[in-house]
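In what follows, a structure is listed as structure tokens, so that the remarks can point back to it.
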Amino acid sequence: TIPSPNFLHQLLEGEQDEGQLRTKVLTSLQKEQANRGKHDCLNTFSIMCKMADQTLFGLVEWARNSNLFKELKVDDQMVLLQSCWSELLVLDHLCRQVTYGKEGCIYLVTGQQIEVSTIISQAGMTLSSLVTRTQDLVSKLKALQFDRQEFVCLKYLVLFNPDVKSVQNRRQVEQTQERVNRALMEHTQQSHPGHSDKFGQLLLRLPEVRSISLQVEDYLYQRHLLGDLPCNSLLAEMLHGKHS
Amino acid sequence: KKKDNALLRYLLDKDDTV
């Protein structure tokens, strides 16, 4: 089917509101801190995990509210999300950096900006490499003038992945992926006619997103083994799902 | 595995009308 002009518009309508997400994350962190004694502060890594956890809740809610996703049974929804949750987190982070991030800074979901140099000076080797790789990808996306329509298409392409094992309704997933792929191609051709291969350049970023997401999962899993990862969280459950 | 994904299943399966 040829995507209708408002197909992309419908996808955009399902996007979370950044301000609402920011409020939700800040409220959750304040509640967490209020439950602790004044001198028992959350360490930086735990705060980052809480932010990621709340963002992940938001992404699951986003997927769940999508009409395309609703067409799948819950078992298929679970398998797809279990497979791509960390890619969705990375894409969400990348889009936030392209939209709001200042040069040399990382823009957090709480609205705060942290100098990349500050993180690098305190982080270990793995996290430093992750930050550097991600910032490089942000630069590439900025150079490509990555916009919100393209971002939402990439999220759907990552979510509706027919290659995920044990997907029952593979054909449905394939059809949605093809439809979104076509919408992305037409959008890049219409909105950036001068950039002949923007569509191809955007798709080339997906393996990089996948690679970074796998490194993020390994990093989080290592920290989990050290007992650093807050338990009873969606983040921990999704991590276990993949490593069990 | 199913037990591992209890929270995800709950989030996807919960009834909004409640």
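Labels below follow one simple rule: chain letters A, B, ... track the order of the sequence lines, proteins then strands, and each chain is numbered from 1.
Dense packing is recorded around NZ of A/Lys70, with more than 12 heavy atoms of other residues, nucleotides or ligands lying under 6.0 Å away. Crowding of A/Asn43 atom CG: a count of heavy atoms from other residues, nucleotides or ligands under 6.0 Å exceeding 12.
Annotation: the span from A/Lys73 atom NZ to B/Leu12 atom CG amounts to 15.5 Å, rounded to 0.5 Å. Rounding to the nearest 0.5 Å places CD of A/Gln82 at 4.5 Å from CG of B/Asn5. A distance of 11.0 Å separates CG in B/Leu7 from CG in A/Leu235, rounded to the nearest 0.5 Å.
Partners of B/Asp13 according to the side-chain hydrogen bond (donor to acceptor under 3.5 Å, both in side chains) rule, which considers only residues two or more places apart in sequence or in another chain, do not exist here. Residues passing the salt bridge (charged side-chain N to carboxylate O under 4.0 Å, His left out) test with A/Glu18 are A/Arg96, sequence neighbours excluded.
Taking the charged nitrogens against the carboxylate oxygens, A/Glu237 and B/Arg9 have no contact shorter than 4.0 Å, which rules out a salt bridge.
Of the options A/Val74, A/Leu81, A/Leu56, a side-chain contact (heavy atoms from CB on, under 4.5 Å) to B/Leu8 is made by A/Leu81 and by none of the others.
Residues A/Arg64 and B/Leu11 are not in side-chain contact: their nearest non-hydrogen atoms beyond the backbone lie 4.5 Å or more apart.
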